Asker: 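One structure coming up, written as structure tokens, with questions to follow.
What you are looking at is a predicted structure, and each value in this text was computed from that prediction instead of being measured.
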Amino acid sequence: MTSLKSDFLRTITERGYMHQCTDLEALDKRLTEGCQAAYIGFDCTAPSLHVGSLMQIMLLRWWQKTGHKPIVLMGGGTTRIGDPSGKDEARKMLTDADIGRNMDGIKSVFGKYLSFGAGPGDAIMVNNADWLDKLNYIDFLRDYGHHFTINRMLTFDSVKLRLEREQPLTFLEFNYMLLQGYDFVELFRRNKCILQMGGSDQWGNIINGVELGRRADQAELYGLTSPLLTTSSGAKMGKTAQGAVWLNADSLSAWEFWQYWRNTEDADVGRFLKLFTELPLAEIAKLEALAGAEINEAKKILAGEVTRLCHGEAAALEAAETARKTFEEGASDANLPTIEIAAAELAAGLSLVALLVKAGLAASNGDAKRLIKGGGARVNDEAIANEGHNLGNTDLKDGILKLTAGKKRHILVKAV
């Protein structure tokens, strides 16, 4: 590959964000000619984005840090249909009220990563419902439908995989890629946007937009994707046995977020430092070279840096201090995640198995029993080996007990 001249492409290539690009040399040249606009779309399927979206958010952040204008596209319109990319079945249909509430929750995270305003390089946020809701279906088909061929659309992975698995692909979902392509054209017309970025599962949708812009407006548009990220053990990023790793603090505490990164597999530390922090590459190289127990210090730095970006400096420091007290001093820190149970339920005698499941520390009764049998369950830092152990008021300290699974998962249980 010829040496890249633009700061953005050089940075994201060095740090591991680059997967595909429609015309790398042409885009590289374009980015040396002044401030350009690029967008990434986010559908509003939940009240918060999770860690699986963090690479895309970091791409927008690096885009802005290297002198360009990020556009955050809220999918107020496209969420009503559902993107088939990477899915085995149709997305659950949401009401307009659901989509509105989800959008309000999602919006808040971007202000932590991007600088919004009216300047040339300031980020803006737009909603594709502003134009999609106004489309006349017959006019849209007449003006744009002839630019899309079924032959080509059937070659895209998002379609092929569903058909190969003999999973239904509705005509509603099939329309999604037309609307995403049209989004790109609208953003080019409204904001002179030249680049759409996304995960590699979006490649087909992005290509549609690039080609539609060329055919409809003779526009020189570009597409760029990042690799779909999994851990070294093959697990999907953003998912744990306890559920999604949300970015909003009201969906997942800063402590639990910090702890997710602290538990990164050894082989992933260097890669995640490049993707999810802004530490210099030379410093990252030193951290990922640490061996044995020393790699844990690199994991703490990773957790601190990612949490600082997402939740702020104070939350990151508090989470690190909670971890230090919990793991090094064995303290029951008030910043640990807390659940509430009825005092009457505890007074009547509550099985440890049931409480482990209720607290999300075990997926099932069988899982909880295996945890206890293996010596991994503790109450107030004391190991419990009896699978039939019941808890009562005597286990409370100031109305709270500390429940632990393994070495690193802790929950405070408050009787109310």
Side-chain angles (χ1 to χ4, degrees), residues 11-18 48-62 65 109 112-114 199 226-249 251-328 333 335-337 406-410:
T11 298
I12 68 165
T13 299
E14 290 173 346
R15 299 185 79 94
Y17 294 93
M18 176 67 76
S48 170
L49 297 174
H50 60 66
V51 164
S53 296
L54 195 52
M55 189 188 295
Q56 307 311 316
I57 296 173
M58 290 298 293
L59 271 174
L60 289 174
R61 182 173 172 87
W62 281 113
K65 286 173 69 73
V109 74
K112 301 169 185 175
Y113 291 88
L114 303 172
S226 58
L228 289 183
L229 201 59
T230 59
T231 66
S232 292
S233 62
K236 190 174 182 180
M237 281 293 292
K239 299 285 186 182
T240 69
Q242 287 70 50
V245 183
W246 302 108
L247 301 184
N248 287 13
S251 298
L252 187 80
S253 71
W255 152 256
E256 291 170 289
F257 186 81
W258 187 96
Q259 191 63 27
Y260 171 78
W261 296 101
R262 168 62 181 83
N263 291 335
T264 293
E265 296 173 30
D266 292 2
D268 292 326
V269 172
R271 186 164 55 121
F272 289 178
L273 283 166
K274 290 175 185 176
L275 292 171
F276 301 116
T277 81
E278 296 171 335
L279 294 178
L281 293 176
E283 185 175 344
I284 292 172
K286 294 177 183 176
L287 290 171
E288 67 178 328
L290 295 174
E294 289 185 332
I295 194 68
N296 289 324
E297 293 308 310
K299 293 180 183 181
K300 291 176 186 177
I301 292 171
L302 170 66
E305 289 295 312
V306 182
T307 306
R308 181 179 60 80
L309 282 173
C310 189
H311 293 286
E313 184 77 26
L317 292 173
E318 187 176 87
E321 179 61 12
T322 297
R324 188 188 67 78
K325 288 181 178 179
T326 303
F327 303 134
E328 296 175 16
D333 194 282
N335 292 319
L336 290 173
K407 295 181 179 179
K408 299 176 181 178
R409 292 189 292 147
H410 307 268

Asker: What distance separates T307 OG1 from E256 CD, expressed to the nearest 0.5 Å?
Answerer: 11.5 Å
Asker: Could you walk me through whether L287 and L279 pass the side chain to side chain contact (heavy atoms under 4.5 Å, CB included) test, one step at a time?
Answerer: CA-CA 10 Å; L287 290 171; L279 294 178; 4.1 Å; yes
Asker: Does the side chain of S253 come within less than 4.5 Å of W258's, by heavy atoms?
Answerer: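 Sidechains of S253 and W258: no contact.
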Asker: Report the distance from atom CG of L309 to atom CG of L54, rounding to the nearest 0.5 Å.
Answerer: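 Rounded to the nearest 0.5 Å, the CG-CG separation comes out at 8.0 Å.
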Asker: Which atom names give the shortest non-hydrogen contact between Y113 and C310, and what distance separates them?
Answerer: OH-CB, 3.2 Å
Asker: Enter the distance from W261:CH2 to T277:OG1 here, rounded to the nearest 0.5 Å.
Answerer: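 Between atom CH2 of W261 and atom OG1 of T277 there are 10.0 Å.
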Asker: How far apart are the C-alpha atoms of H50 and S251, what are their side-chain angles, what is the distance that settles it, and do they pass the side chain to side chain contact (heavy atoms under 4.5 Å, CB included) test?
Answerer: CA-CA 10 Å; H50 60 66; S251 298; over 6 Å; no
Asker: For I57 and L247: C-alpha separation, side-chain torsions, deciding distance, then whether side chain to side chain contact (heavy atoms under 4.5 Å, CB included) applies.
Answerer: CA-CA 11 Å; I57 296 173; L247 301 184; 3.7 Å; yes
Asker: Between the side chains of E283 and K286, is the shortest nitrogen-to-carboxylate-oxygen separation below 4.0 Å, so that they form an ion pair?
Answerer: no
Asker: Could you state the interatomic distance from CD1 (I284) to NZ (K274), rounded to the nearest 0.5 Å?
Answerer: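 The NZ atom of K274 is 7.0 Å from CD1 of I284, to the nearest 0.5 Å.
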Asker: Look up atom CG in L302 and atom CG in N263, then write down how far apart they are to the nearest 0.5 Å.
Answerer: 11.0 Å
Asker: Could you check whether any side-chain N or O of E265 sits under 3.5 Å from a backbone N or O of T231, counting only pairs where one atom can act as donor and the other as acceptor?
Answerer: no
Asker: For residues 281-315, pull every pair meeting ring-ring contact (aromatic ring centres under 6.0 Å, His included), keeping only residues two or more places apart or in separate chains.
Answerer: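 Passing the test, one end in residues 281-315: F257-H311.
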Asker: Of all the heavy-atom pairs spanning M55 and L229, show the shortest one and how long it is.
Answerer: CE-CD2, 3.7 Å
Asker: What residue pairs, at least two apart or across chains, pass salt bridge (Lys or Arg N to Asp or Glu O under 4.0 Å) with a residue in residues 51-62?
Answerer: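 Salt bridge (Lys or Arg N to Asp or Glu O under 4.0 Å) check on residues 51-62 returns R61-E278.
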Asker: Rounded at 0.5 Å granularity, tell me how far CE in M237 sits from CZ in F276.
Answerer: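 Taking CE in M237 and CZ in F276, the distance rounds to 4.0 Å.
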Asker: The test is side chain to side chain contact (heavy atoms under 4.5 Å, CB included); show your working for D266 and K299 and say whether it passes.
Answerer: CA-CA 8 Å; D266 292 2; K299 293 180 183 181; 2.6 Å; yes
Asker: Restricting to salt bridge (charged side-chain N to carboxylate O under 4.0 Å, His left out), what partner residues turn up for E288, sequence neighbours left out?
Answerer: none
Asker: Can you name the nearest heavy-atom pair linking A254 to A315, along with the distance?
Answerer: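 A254 and A315 have their closest heavy atoms at CB-CB, 3.9 Å.
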